[in-house]
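Below is one structure, written out as C-alpha cells, with a few remarks after it.
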Amino acid sequence: QVQLVESGGGLVQVGGSLRLSCAASGRTFSENAIFWFRQAPGKEREFVSFISENGGTTNYAGPVKGRFTISRDNAKNTLYLQMNSLKPEDTAVYYCATDCTQWGTPPLCDYWGQGTQVTVSS
C-alpha cells in the first residue's frame, strides 16, 4: 500500500508561481516512478509530468513544458511540482499518482492522492 498526500495548492494571479508537494508513505519511495496529473472542471484527468525512480528522467505535457519543473527528494519521501508563469488554463485539481500503467486519458494508476486545488485568476 502507498499513501500519497498533496499540498501547496491555492489561489494565484496570472504569471504567479506555486510549488506543490506530494508526501508519500507506506512503501520505499525511491522504488517508484511518480506522476502528476490534473483535472479541470468538466474535463478529463490529464497527464502533467513524470519523474523516474532516481529522478534522472522527467517528462512533461506540452502545455506545461518550460513552465513546470518536477523533482523529488527521496530522503524526504516527497515529490514536488514547481509551477511558474501560471495561466488561467492551469486551473485544476492536481493529483500525484504512482504505479501507473497508462499515462494517457484516462490514466490508469493504482495509487492516487486526494488532490490539491490550484486556481489561477486573471
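Residue indices begin at 1 and follow the sequence shown.
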My understanding is that only residues two or more places apart in sequence, or in another chain, count here; which of them pass side-chain contact (heavy atoms from CB on, under 4.5 Å) with Ala97?
Phe37, Cys100, Cys109, Trp112

My understanding is that only residues two or more places apart in sequence, or in another chain, count here; which of them pass salt bridge (charged side-chain N to carboxylate O under 4.0 Å, His left out) with Arg38?
Glu46, Asp90

So, using salt bridge (charged side-chain N to carboxylate O under 4.0 Å, His left out) as the criterion, who are the partners of Asp99 when residues are at least two apart?
Arg27

Is the backbone of Gly56 close enough, under 3.5 Å, to the side chain of Asn54 for a donor and an acceptor to pair up by distance?
yes

Using distance only, find each side-chain donor-acceptor pair of residues 58-65 under 3.5 Å and give its atom names and separation, not counting sequence neighbours.
residue : atom : partner : partner atom : Å
Tyr60   : OH   : Ile70   : N            : 2.8

Do the side chain of Glu6 and the main chain of Gly115 share a donor and acceptor less than 3.5 angstrom apart?
yes

Got a list of side-chain donor-acceptor pairs under 3.5 Å for residues 80-87, not counting sequence neighbours?
residue : atom : partner : partner atom : Å
Gln82   : NE2  : Asn84   : OD1          : 2.9
Asn84   : OD1  : Ser17   : OG           : 2.9

Side chain to side chain donor-acceptor pair (under 3.5 Å) partners for Thr69, two or more places apart:
none

Nearest 0.5 Å please: distance from the CD atom of Gln3 over to the CD atom of Gln114.
12.0 Å

List for me each residue that meets ring-ring contact (aromatic ring centres under 6.0 Å, His included) alongside Phe50, sequence neighbours excluded, and say none if there are none.
Phe35, Trp103

Distance, nearest 0.5 Å, that separates OG1 of Thr101 from CG of Leu108:
4.5 Å

Applying the 4.5 Å side-chain criterion to the ILVMFWY set and letting contacts propagate, would Tyr95 and Trp36 be lumped into a single cluster?
no

List for me each residue that meets side chain to side chain donor-acceptor pair (under 3.5 Å) alongside Asn74, sequence neighbours excluded, and say none if there are none.
Arg72

Has Thr119 got a side-chain atom pairing as donor or acceptor with Leu11's backbone, closer than 3.5 angstrom?
no

Go through the structure and list residues passing side chain to side chain donor-acceptor pair (under 3.5 Å) with Glu44, not counting sequence neighbours.
none

In Å, rounded to the nearest 0.5 Å, how long is the span from OH of Tyr94 to CG of Leu18?
9.0 Å

Side-chain donor or acceptor of Ser52 paired with backbone N/O of Thr57 under 3.5 Å:
yes

I need the Cys22 SG to Ile34 CD1 distance, nearest 0.5 Å.
6.0 Å

Val48, Val12: one ILVMFWY side-chain cluster at the under-4.5 Å cut-off?
yes

Does anything in residues 103-122 pair up under salt bridge (charged side-chain N to carboxylate O under 4.0 Å, His left out), and if so which pairs, sequence neighbours excluded?
none

Measure the CG-CG distance between Asn32 and Asn77 for me, rounded to the nearest 0.5 Å.
10.5 Å

Give me the atom names and distance for the closest heavy-atom approach of Ser71 to Leu79.
O-CD1, 3.3 Å

Check against side chain to side chain contact (heavy atoms under 4.5 Å, CB included), Thr116 and Ser7
CA-CA 6 Å; Thr116 186; Ser7 61; 5.7 Å; no

Would the number of heavy atoms belonging to other residues, nucleotides or ligands and lying under 6.0 Å from CD of Gln13 be above 12?
no

Can you name the residues that form a side-chain contact (heavy atoms from CB on, under 4.5 Å) with Ser122, not counting sequence neighbours?
Val14, Pro88

For residues 52-92, which residue pairs pass the disulfide bond (SG atoms under 2.5 Å apart) check, not counting sequence neighbours?
none

Linking I/L/V/M/F/W/Y whenever any side-chain heavy atoms sit under 4.5 Å apart, do Phe47 and Phe68 land together?
no

Please check this pair: side chain of Thr91 against backbone of Glu89, looking for a donor-acceptor N/O pair closer than 3.5 Å.
no

